Amino acid sequence: MRVLASEITGYKNKRVELAGWVHRIRSLGKISFVILRDRSGTAQLVLDEKPEFTHESVISVQGIVKENEKAPDGVELQVDGESLKVLSAANPELPIPVNQDPKELSLDAVLDNRIISLRIPRIRQIFTLQSAILKYFAQHMRSEGFTEIKTSKLIGTGTEGGTGLFPVEYFDTRVYLAQSPQFYKQALVASGMERVFEIGPAYRAEKHDTPRHLNEYVSLDVEMAFIESEHDLIDLEQRILKSIFQGVKEDCAKELEAWQASVPEPEEVDSVPRITHDEAKEIIGKLQGRRVFEINPEGERVICDWAKKEHGVDAVFVTGFPRKKRPFYTFPSGNKTMSFDLLFRGLEITTGGRRINDYGMLLETLPRFGLTEEGLSDYCQIFKYGCPPHGGFAIGLERLTQQILGLSNVKEASLFPRDRKRVRP
RNA sequence: GGGGGCGUAGCGAAGCAGGUUAUCGCGCCGGCCUGUCAAGCCGGAGAUCGCGGGUUCAAGUCCCGUCGCUCCCGCCA
């Protein structure tokens, strides 16, 4: 019966089968050591002959688990040569090394050879951690009575004015890839679900090419009824982040350690300051010694450094964005809005806010953004027949992953990133 | 969309006051080796120097164009 590499310690002096990829071969002639890798980790095999297989071939072996202080983990598998099976031979000329530190590899080499680079333990850890984020996000949402939804990614019109749309040929008409599930999650709140969340792709046809942009990313979307202001949403996001961070800390201790990374403690999440857009500009201006008109990426880093120093946490909620900086559906508050961003370790990972839920207010607002009721008739329908006050936000999955691990490029946090030039593999 | 940097073997790099056969590490192939831990030692193969054009007796090296990558800005999650 097959056991996992990480489990053999529990099978001392027993006969077991291991199966996996050949991670490393150290042949000394009459004795050879092979590091076998499977989803759980690695184990050392001892062979009495020179291996005939190549690195990264998939093999299965049987043997007795023996204790030996000279073995890497104190135990190793003394392989019964007869039992060795090469299940799938790998070409010896690997495009990139799997058993070396990937820090030396260029991002291009890693992404061009994605199928192979994901075998590199350190790289696969990124996605183990990302999986934990997804798990604890969904778990937390359910614990607060949110319904998980999956909405169409083919839409008739855009929602996030300003951001580009990818046109899609749809029979004899043209539709677009959704920039966000914005309209649908609002519609479902109004449908009576009250609280919904969606984990799904979002598409942005921006020609940006930066270490923090993807043209396709995974959005952790939340929308909730019966709120009064963005502060209810910030409270919710803090609870979500605490769950995610605690879960990641429990499940991914190994990954965090390997990456020399850490997640904020619950007290730190609780102490993330909430400052207005105007206050943020003032603080950044003071620290940079010049007037600040917009919060640019450098400003985002500066304000997070400030939060770290003043509040002991490397994150900040920025509220009160001016109306013209936010989409038309954002609930106004004077010439500001009930909206917020979350900057985490110098990068924006969330945008959200209360939405306009009053039909009349919406109709008044549309012209200010050059929009018409006719052009947004489906959307306007949501508010015609009773829609509670509500709001929501979205967390960028890859960005959150990137910031937790300190990755230098968000593409590293996407299994198969799509950017301006890359549509493969 | 604007600006900077870089393209040399499968991977990572050196060579760039122009000058014989383009160098190093890892990997790969062959040999030796019974306790390896990025094993070690010996030998070997592997490069149209991104592509196109130009200057020159001579171009990886200089000039122009082009493609690709990368970083910064704008915009966003």
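As the structure is a prediction and not an experimental result, all values here were calculated from the model. The chains referred to below are lettered A, B, ... by the order of the sequence lines, with proteins before strands, and numbering in each begins at 1.
For the pair A:L107 CG and B:rC11 P, the interatomic distance rounds to 14 Å; values are reported in whole Å. Rounded to whole Å, atom P of B:rC76 lies 14 Å from atom CG of A:L347. With rounding to whole Å, A:K411 atom NZ is found 18 Å from B:rA77 atom P. Between A:R204 atom CZ and B:rC75 atom P there is a gap of 15 Å when expressed in whole angstrom units. Taking atom CZ of A:R212 as the reference point, atom P of B:rU70 lies 15 Å away to the nearest angstrom. In this structure, A:R418 atom CZ and B:rC76 atom P are separated by 25 Å, rounded to whole Å. If you take CG of A:D48 and P of B:rG35, they are 13 Å apart, rounded to a whole angstrom. We find that CD1 of A:I35 is positioned 11 Å from P of B:rC37, with the value rounded to whole Å.
A distance of 6.0 Å separates CZ in A:F331 from CG in A:N357, rounded to the nearest 0.5 Å. Distance check, rounded to the nearest 0.5 Å: NZ of A:K185 to CD of A:E223 gives 4.5 Å.
Base pairing analysis places B:rG27 opposite nothing; no Watson-Crick or G-U wobble pair with both distances below 3.5 Å involves it. Taking a pair to require two hydrogen-bonding distances under 3.5 Å in either a Watson-Crick or a G-U wobble arrangement, B:rU34 remains unpaired. Look at B:rG68: its Watson-Crick or wobble partner, with both distances under 3.5 angstrom, is B:rC6. Base pairing of B:rC62: its partner is B:rG54, meeting the Watson-Crick or G-U wobble criterion (both donor-acceptor distances under 3.5 Å). Nucleotide B:rC75 forms no Watson-Crick or G-U wobble pair with any nucleotide shown, as no partner meets the under 3.5 Å limit on both distances. Across the strands present, B:rG46 finds no partner; the criterion is a Watson-Crick or G-U wobble pair with both atom distances under 3.5 angstrom.
Applying the 4.0 Å criterion to OP1 and OP2 of B:rA77, one finds that A:T351 has a side-chain N or O inside that range. Phosphate contact (OP1/OP2 of B:rU34, side-chain N/O of A:S32, threshold under 4.0 Å): absent. In this model, the phosphate group of B:rC11 is not approached by any side-chain N or O of A:N113 to a distance below 4.0 Å at OP1 or OP2. Applying the 4.0 Å criterion to OP1 and OP2 of B:rA39, one finds that A:R26 has a side-chain N or O inside that range. At the phosphate of B:rG35, neither OP1 nor OP2 sits under 4.0 Å from any side-chain N or O atom of A:K30. Phosphate proximity of B:rG74 to A:N296: present, with a side-chain N or O under 4.0 Å from OP1 or OP2. At B:rC28, one or more side-chain N or O atoms of A:H55 fall inside 4.0 Å of OP1 or OP2 (strictly under the cut-off). Applying the 4.0 Å criterion to OP1 and OP2 of B:rC76, one finds that A:R399 has every side-chain N and O outside that range.
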Worksheet item: salt bridge (charged side-chain N to carboxylate O under 4.0 Å, His left out) between A:R15 and A:E17: does it pass, once the steps are laid out?
Response: CA-CA 7 Å; A:R15 185 180 176 84; A:E17 179 178 328; over 6 Å; no
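No N or O donor and acceptor, one from the side chain of A:E104 and one from the base of B:rG25, sit under 3.5 Å apart. No N or O donor and acceptor, one from the side chain of A:R422 and one from the base of B:rC69, sit under 3.5 Å apart.
No engagement by A:E56 is indicated, since no non-hydrogen atom pair under 4.0 Å with the nucleic acid exists. Residue-level contact check: A:Q44 touches the bases, meaning some heavy atom is under 4.0 Å from a base atom. Within 4.0 Å (heavy atoms only), A:K103 reaches no atom of the nucleic acid at all. Contact annotation for A:A71: base contact, defined as any heavy-atom pair under 4.0 Å involving a base atom. Base contact: A:N68 has a heavy atom under 4.0 Å from a base atom. Within the 4.0 angstrom heavy-atom criterion, only backbone atoms of the sugar-phosphate kind lie near A:P92; the bases stay farther away.
Here B:rG27 is the nucleotide among B:rA77, B:rG27, B:rC71 with the atom lying nearest to any side-chain atom of A:E93.
Spacing of C1' atoms, B:rG65 relative to B:rU20, comes out at 31 Å, to the nearest Å. Using P as the reference atom, B:rC41 and B:rC64 are 46 Å apart when rounded to the nearest Å. Straight-line distance between the C1' atoms of B:rG18 and B:rC62: roughly 8 Å, to the nearest whole Å. Comparing the same atom, C1', in B:rU34 and in B:rG40 gives a spacing of 14 Å after rounding to whole Å. Taking the P atoms as reference points, B:rG52 lies 15 Å from B:rA59, given to the whole Å. With P as the reference atom, B:rC33 and B:rU70 are 47 Å apart, rounded to whole Å. Taking atom C1' on both nucleotides, B:rG30 is separated from B:rG53 by 44 Å, rounded to a whole Å. If you take atom C1' in B:rG60 and the same atom in B:rG7, they sit 11 Å apart, rounded to whole Å.
In this structure, A:L366 and A:F328 have side chains that are in contact, with non-hydrogen atoms separated by less than 4.5 Å.
Of all non-hydrogen atoms in A:L236 and A:F393, the two that sit nearest each other are CD2-CE2, 4.0 Å. In this structure, A:V316 and A:I303 approach most closely via the heavy-atom pair CG1-CG2, 3.8 Å. In this structure, A:L129 and A:C252 approach most closely via the heavy-atom pair CA-SG, 3.8 Å.
The nearest heavy atom of RNA chain B to A:D419 and to A:E300 marks one nucleotide each, and the one closer to the 5' end goes with A:D419. Residues A:L105 and A:I25 each lie close to RNA chain B; by heavy-atom proximity, the contact nearer the 5' end of the strand is made by A:L105.
Both tests hold for A:R326 against A:F321: distance to the six-membered ring centre under 6.0 Å, angle to the ring axis within 45°.
Surrounding NZ of A:K324 are at most 12 heavy atoms belonging to other residues, nucleotides or ligands under 6.0 Å away.
A distance cut-off of 5.5 Å between ring centres, combined with a plane angle under 30°, places A:Y217 in a stacking arrangement with the base of B:rA77.
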